[in-house]
Amino acid sequence: MGFLDISNVTKSYGAVEVLHKIDISVQEGEFLVLVGPSGCGKSTLLNMIAGLEGISSGEIAIRGSTMNGVHPSKRNIAMVFQSYALYPNMTVGQNITFGLEMHGTPKPEREAAMKKVAAMLQIEQLLDRKPGQLSGGQRQRVAMGRALVRNPDVFLFDEPLSNLDAKLRVDMRTEIKKLHQNLGTTIVYVTHDQIEAMTLSTRIAVMNKGYVQQLGTPKEIYDTPANIFVATFMGSPAMNIMPAKVVMADGAPHAEVTDADGTARRLRFSQANMAEWAGREIILGIRPEAITDPDGADRKSSNIQSLTNRVNVTEPAGSDTFVTTTLSGGDAIARMRADAEVRAGQIFDFAVDMDKAVAFDPRTEDRIPA
Amino acid sequence: MGFLDISNVTKSYGAVEVLHKIDISVQEGEFLVLVGPSGCGKSTLLNMIAGLEGISSGEIAIRGSTMNGVHPSKRNIAMVFQSYALYPNMTVGQNITFGLEMHGTPKPEREAAMKKVAAMLQIEQLLDRKPGQLSGGQRQRVAMGRALVRNPDVFLFDEPLSNLDAKLRVDMRTEIKKLHQNLGTTIVYVTHDQIEAMTLSTRIAVMNKGYVQQLGTPKEIYDTPANIFVATFMGSPAMNIMPAKVVMADGAPHAEVTDADGTARRLRFSQANMAEWAGREIILGIRPEAITDPDGADRKSSNIQSLTNRVNVTEPAGSDTFVTTTLSGGDAIARMRADAEVRAGQIFDFAVDMDKAVAFDPRTEDRIPA
Amino acid sequence: ESVEVLHWWTSGGEAAALNVLKKDLQAEGIGWKDMPVAGGGGGSAMTVLRARVTAGNPPTAVQMLGYDIQDWAKLGVVANLDNVAKAGNWDAVVPDALKKFSKYDGHWIAVPVDVHSTNWVWGNKKLLDSLGIAQPKTWDEFIAAMQKVKDAGKTALAVGGQPWQEATMFDAVVLSVGGPDFYKKAFIDLDPKALGGPQMVEAFKRMEQLHGFVDPNFSGRDWNLATAMVIKGDAAFQMMGDWAKGEFLRAGQKPGEDFMCFRTPGTQGDVTFNSDQFVMFKVGKDAQHAQDEMAKAVMSPSFQSSFNVVKGSVPARMDVPDTAFDACGKMAMKQLQEASKNGTLLGSMAHGHANKAAVKNAIYDVVTANFNGDYGAEQAAKELVSAVALAQ
Amino acid sequence: MDFRTRLQTWLPKLVLAPSLASTLVFVYGFIVFTVYLSFTNSTILPSYDLVGWHNYWRLFQLPTWTIAVKNLAIFASLYIAICIAIGLGLAIFLDQKIRGEGMLRPIYLYPMALSFIVTGTAWKWLLDPGIGIEHTMHLWGWTSFHFNWIKTSQYAIYTVVLAAVWQTSGFVMAMFLAGLRGIDNEILKAAQIDGASNWNLYRRIIIPQLRPAFLSAFVILAHLAVKSYDLVVALTGGGPGRATELPATFMYSYTFTRNEMGVGAASAVIMLMTIAAIMVPYLYAELKEPK
Amino acid sequence: MSSASQEIAIRTGGFTRKLIYVTLIVFAAFYLLPLFVMLINSVKPLSEITGGNMMALPKVWTIKPWLEAWSSAQIGVQPTGLRPYFLNSIEMVVPAVTISTLVGALNGYVLTKWRFKGSSILFGLMLFACFIPFQIVLIPMARVLGMLGLAGSVPGLILVHIVYGIGFTTLYFRNYYAAFPTELVRAAQIDGAGFFRIFWRILLPSSAPIIVVSVIWQFTNIWNDFLFGSSFSGQASQPMTVALNNLVQSSTGVKAYNVHFAGAILAALPTLLVYIVAGRYFVRGLMAGSVKG
Ligand SMILES: Nc1ncnc2c1ncn2[C@@H]1O[C@H](COP(=O)(O)OP(=O)(O)OP(=O)(O)O)[C@@H](O)[C@H]1O
Ligand SMILES: Nc1ncnc2c1ncn2[C@@H]1O[C@H](COP(=O)(O)OP(=O)(O)OP(=O)(O)O)[C@@H](O)[C@H]1O
Ligand SMILES: [Mg+2]
Ligand SMILES: [Mg+2]
């Protein structure tokens, strides 16, 4: 039993079931991120934890005591919303202390708590402004302040950064990370940005269509995705997915793919158990950063395979250069150093890190375990 | 003289000048991206090119003939808006052909043009729907279709992707890129997303507060930013910026910075001319991808310097691991391979690629040319 | 103690007349709560009354006319004034024609305030004299006189084009065509033969004749504005009840000198009348006394005299001396008494004293349609039969 | 479930309950009552003796009712059409960054603030040939000027339209202006780049987008037209003759001055059905897709 | 409520602009004409009106008609002028407007933020109530008021106006609150605010534009109402419109047009004032509320 237990929880709107038997147990101090495409039920689940939506069946418990039917304000949780949901008619200070006021905290204590939080978030000079007079980043801070001041058992965040521009998003991400490290509070965080998910979380739950597809550490999710959905959802640019045939050569299993010209190319698997699939079709997944120029390839890898192929497009993006090529009839993207000497149309020796390759069963779309 | 010439253009709203003497010349077939923070005047400049805003002073010319005072519909331009600005009362097909209809193109021709564009954008099955029934990505395509069908001299895009979610944004980016490669039309494209800017453009104009800060190819902008603003605006995570002192050692100029414990550390410059600054303070800029673990360092670089420092935070992000450390009293971010063996608190040997380092004059904030 | 009186006497003269009553009651220590609701010839006031009665909160007394009184009495919401009436010997002094309305089922329920007769013609004496026109005695003379005025470029007949004003003229015209018997048959007995017969067609033809003498701007005009036309000499005649006299008097004109009053030609000896009455509604025991006092005060000869002098009408009781009244008033009182004796005192159809409201309004519809040119005389007579049948 | 949570789930319904109860009693209860009355022989006050369809039969025999219905058709169609035309036109004009918009707007709007007595008094005067506009024109030397509609049976209904339009077109203008201000500016830019002239811009792009405003305006005007009573009474009193009788005045006079409450109720039921025929589809559309 | 879209990109030529201005001004004149006529004739002596030119400015200016209308004109048997009735109206309008607006706001709040099964249908039922012809409710309403003991009293009138006003106020507030972020309500719930507290502290303070619309609408309707005012008022509670009607509808005597006009303007003053003071928020409020886009 964990700190926050979601057991067998289902949610229906009328006849439509939007969450199906969700089971997640969160330990105290964990940072759980819920990711998934739009409409998969992330917000619904969060709202159920908060008590803003009823539970159709199953149970949600905090510290072992059931929360079903308990009023949101009695759950000792705090929530930060995507649009921040700052009360537009109140000053920043009033926004922060409103929750305390509602819980009957006396004024001096409220003031003190507000001062402390404002100092922590460096928004002391904004306390008398109205939300309308704040920039996006400042609003975000105030929303955090409102949550922090309550000193809750659990923080819930619903896409708190998605309204910020890219630069600010990175900064605020770091702040949230620091906050978690400093306070050690349990956090459940919804996003559909997988970089956020990867960098912030201690564990990630990848959701799709109301099901939890995989629950695990960022590394597990990234390196050993449970299925094709998780594999392609996490990572940007997405993992390259291509049909391949398993063939045996030199006593080892190889993935046979075709290059831009249709010539068959073989890449040796690092996993010996792929031999079991010999002669059968699989789906091969290779992340863009595992296909590079030989100079950029990971020196630690035990299994760098060379693959000669024609370059279609190169996209220099400053820090890296993305190279598009054709593998098994589809586009595949390779990520290379910014300075990699590669031109469109060129025949190039790609270095493929097969330690990082994963294989999926084409029928179930699940990953074939190593 | 280029294809689209913006000469000495100024825009004032009442007494407030929001654009100051802008000078940009665009060649036929170029893909110019305007980037800059919110409110810097990107949309205003685009609207002036379109003829939707008057020009306070200066001249805008297409193919050498001045456009000042010419009605938008007479300029042979097409524009795609952030909100797509689809006509909600018309079907997709009508949206696409409205411009042709207004220009008196006969019906059969309109139909043919529409079919062609719809096929190109794969929206044939949507032609009878209303915009309200489309998803974000589909709307975006229709907006493109409306622009394409006109076969204009110049395409103008005003943040066409900013309403899409991250995944779709990447896909649409690629489509726009392909479109440009196929059609070869001149494009002026506004965004505040620098990845978009880097990957799409042939040239970038970085704007701030109504001034063009730098105009150049993506590579120029990224590798040799004109000033600190450009350096930190382009790239994610942003370039690390720290004060440093130039000292001479072994006859070569070095940048002296302090590590997490306050100990002075020296990094040899690749540029010999930094010797001129010996004994003076500069601002040193190093991009995160130029600070790595030794195994991940660019094998092609001529000048990898080792820097021993304490690791503050590690953020594994799947494809990479971001490591935060303290340099000259501020946070610096290093980008390492996903598998780099680095833990928070550890004393680590960072590899700094000084070929990629840039130095700025602290007084003017301009880059010191190599 | 006080009485609450619902009425629509809001104009200067009427209100001044009511003030007499108010003072009389105050002398008895009874307060006056005024509930005036003007408009629509009392229509708005009747709506209010309905709401008040339905709410179980009726006023003490309500100004009312004709058959409405009987209709309300039928509902059992009115008070019984028999005690006061007996003490004041009302049965003897009030003419039978009025008692028909003031009593229901043999009990006194209402107090008549005044008697207006409606078959009057008012003329501008100076204008008529200057044109050499004498008081017309017959219908044809009347028409000839008006033609003369018209030829002189003046408006011959001042009319306010509202249904009730047109109907007021119609009353007199019908009487002039068929005399009291026909009038009774048509308007009181509602005999379809009378309503659709040749005499009625003749009456409508006379209405059309009259229409030929009005100015183009007559429609919607208030009656007192029409009177003002006569006073100013813009028009020669007006066919209107004796409330018009008040206007002449207020303008400082003298009967016989500045203006003349005579019965509608062809209706000599007949009087169509209407009578304003205060209907007393059932109120609680506490208010009973005030109500009785008010009834008594209204019936007092002094009030009847002073009120009617101001209002232009004649007292409802026959024993009031005519000393305070002017020439026209004296004439009216005399004629009224005679008519009452002869049985030619007829309730005015136009003012709801011939039949109930539904019928009255049905006749209005036809009269106004005829007068405004929508129906010809023949068709009007036919429509009259069906409209009346429908309203019964 | 703790008490507070349970209370919180009940509170919204409790809060709505009084409004709902009063609506059920004061609106629907009374409608049922009226329907019932229309089948009774009520005269001066309600009575409870049923007479079947008699009142309806009589209603449709009455020439006045026919006139009233015909008048309503003329009045409603003209009133709605003209109000929308003027309202839309003014809104479009006012939307062209007009200097002095702040002054003009209240001028257009203020008639809505006046009661029927005021409107009726003023317009009766203006339209009266003897003192009003015609008279003034004559005094100013234009002696051939004629404007005596209010005194003419065939035209009197149009003066009612005139005064009614005067009173509400400003409000319609405000509704359209609100609609215009809500249109995405980028769409206008896009249409200009597409080469739309101002005429086409309005005809093809803007006006079609004002659909919600049109709908709201139509519903408000339609129900005002059907309920129109005050203005007619104050302006023409239903005359000349019965030339400006409308169903609402008809119903009032039969119920309250002619002591034929049964017929009055029958006419009210017909009116209610007319209103329902307009409103129910609107309400259905409005509530079908909750925003 | 985007303020950016205030700016319209349409350009018109100089001639068109002149034409637009001319049209706008002509219509302004059309709307102002009746008010102008009433105003100038209310400051003329009666002799100048009868037979004079209604458009002509007064030769002799006088405010006597105004004074008379206000304090000494004959209304029924008393020469009280409109003054006491003015106060009656205020006594009735203020609570009726306040309560109906508040109830409408609460209803709108429930119907958007606390939706439950069937709440749309309930709203439809309430909305239809706006369109009932008031004449038909007179008799049954009188009965109900009598049963409640409110007949002929100010509270009775207030009740009637609230009952028939909440349909529209609910409509306005519902449409406004539909666009109000639900997240705010949720945040306040988590902060521990209950149903009413959320309403008072969060929604109501942000409802200024729609409150303006609702108040303008209700104020003009209730202030100008005659039918209910005359039918359900008692002797001591007759509102301004009934008194004005008594003033202008007198059936005999010389018509003091100047006094009537002065009275009419006096009766209209509060609503005019409301329109002029709050009118500039009106379009904004309509945008936010009644005209769904
Ligand atoms: N009140 C409701 N009634 C019916 N269906 C609802 C309701 N609220 C949400 N849904 C449905 O439930 C599903 C999950 O919605 P939810 O808001 O949890 O998605 P999400 O994962 O948060 O998406 P996003 O990333 O877009 O915020 C969606 O399909 C949505 O349409
Ligand atoms: N009509 C106007 N009147 C006054 N100032 C304006 C007007 N339109 C724009 N501005 C100002 O001009 C500046 C430039 O605006 P612009 O819309 O071009 O910015 P932008 O770079 O497109 O920003 P964003 O990324 O937010 O779209 C801003 O400071 C803005 O406030
Ligand atoms: Mg969500
Ligand atoms: Mg912009």
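All values below were derived from every heavy atom in this structure, side-chain atoms included, with hydrogens, water molecules and symmetry-related copies excluded. So that the names make sense, note that chain A is the first sequence line, chain B the second, and so on, each numbered from 1.
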Check your understanding: For the side chain of E:Y31 and the backbone of D:P106, is there at least one donor-acceptor N/O pair under 3.5 Å apart?
Key ->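 Not a single qualifying donor-acceptor pair exists.
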
What part of [X] gets within 4.5 angstrom of chain E, counting heavy atoms only: side chain, backbone, both, or neither?
| X | value |
| --- | --- |
| D:L215 | neither |
| D:M112 | both |
| D:Y108 | both |
| D:R99 | both |
| D:T23 | side chain |
| D:T34 | side chain |
| D:L90 | both |

**Study point:** ring-ring contact (aromatic ring centres under 6.0 Å, His included) partners for E:F228, two or more places apart
**Key:**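 Listed in chain order: E:F134, E:H161, E:Y164, E:F232.
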
Exercise for review: Verify the ring-centre separation between E:F116 and D:W10: is it less than 6.0 angstrom?
Suggested key: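 Between E:F116 and D:W10, which both carry aromatic rings, the centre distance is not below 6.0 Å.
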
Practice item. State, without any angle test, whether D:Y110 and E:T271 hold a side-chain donor-acceptor pair at a distance under 3.5 Å. Key: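 The answer is no; no qualifying pair exists.
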
Check your understanding: What part of E:F261 lies closer than 4.5 angstrom to a heavy atom of chain D: side chain, backbone, both or neither?
Key ->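 Looking at E:F261, just its side chain touches chain D.
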
Check your understanding: Where does E:I136 contact chain D at under 4.5 Å (heavy atoms): side chain, backbone, both or neither?
Key ->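 It is both, since atoms from each part get that close.
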
Nearest 0.5 Å please: distance from the [atom1] atom of [X] over to the [atom2] atom of [Y].
| X | Y | atom1 | atom2 | answer |
| --- | --- | --- | --- | --- |
| D:W166 | E:F27 | CH2 | CZ | 14.0 Å |
| D:L14 | E:L106 | CG | CG | 12.0 Å |
| E:F128 | D:L272 | CZ | CG | 6.0 Å |
| D:L109 | E:T220 | CG | OG1 | 10.5 Å |

Practice item. Find out whether D:S19 and E:L122 are in side-chain contact, i.e. whether some heavy atom of one side chain is under 4.5 Å from a heavy atom of the other. Key: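 Contact flag for D:S19/E:L122 side chains = no.
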
Review point. Tell me, do D:Y28 and E:L125 make a side-chain contact under 4.5 Å, heavy atoms counted?
Key: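 D:Y28 vs E:L125: side chains touch.
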
Point to revise | Among E:P140, E:G167, E:A264, residue most engaged with chain D (heavy-atom pairs, under 4.5 Å) | key: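 Most heavy-atom pairs within the cutoff with chain D belong to E:P140.
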
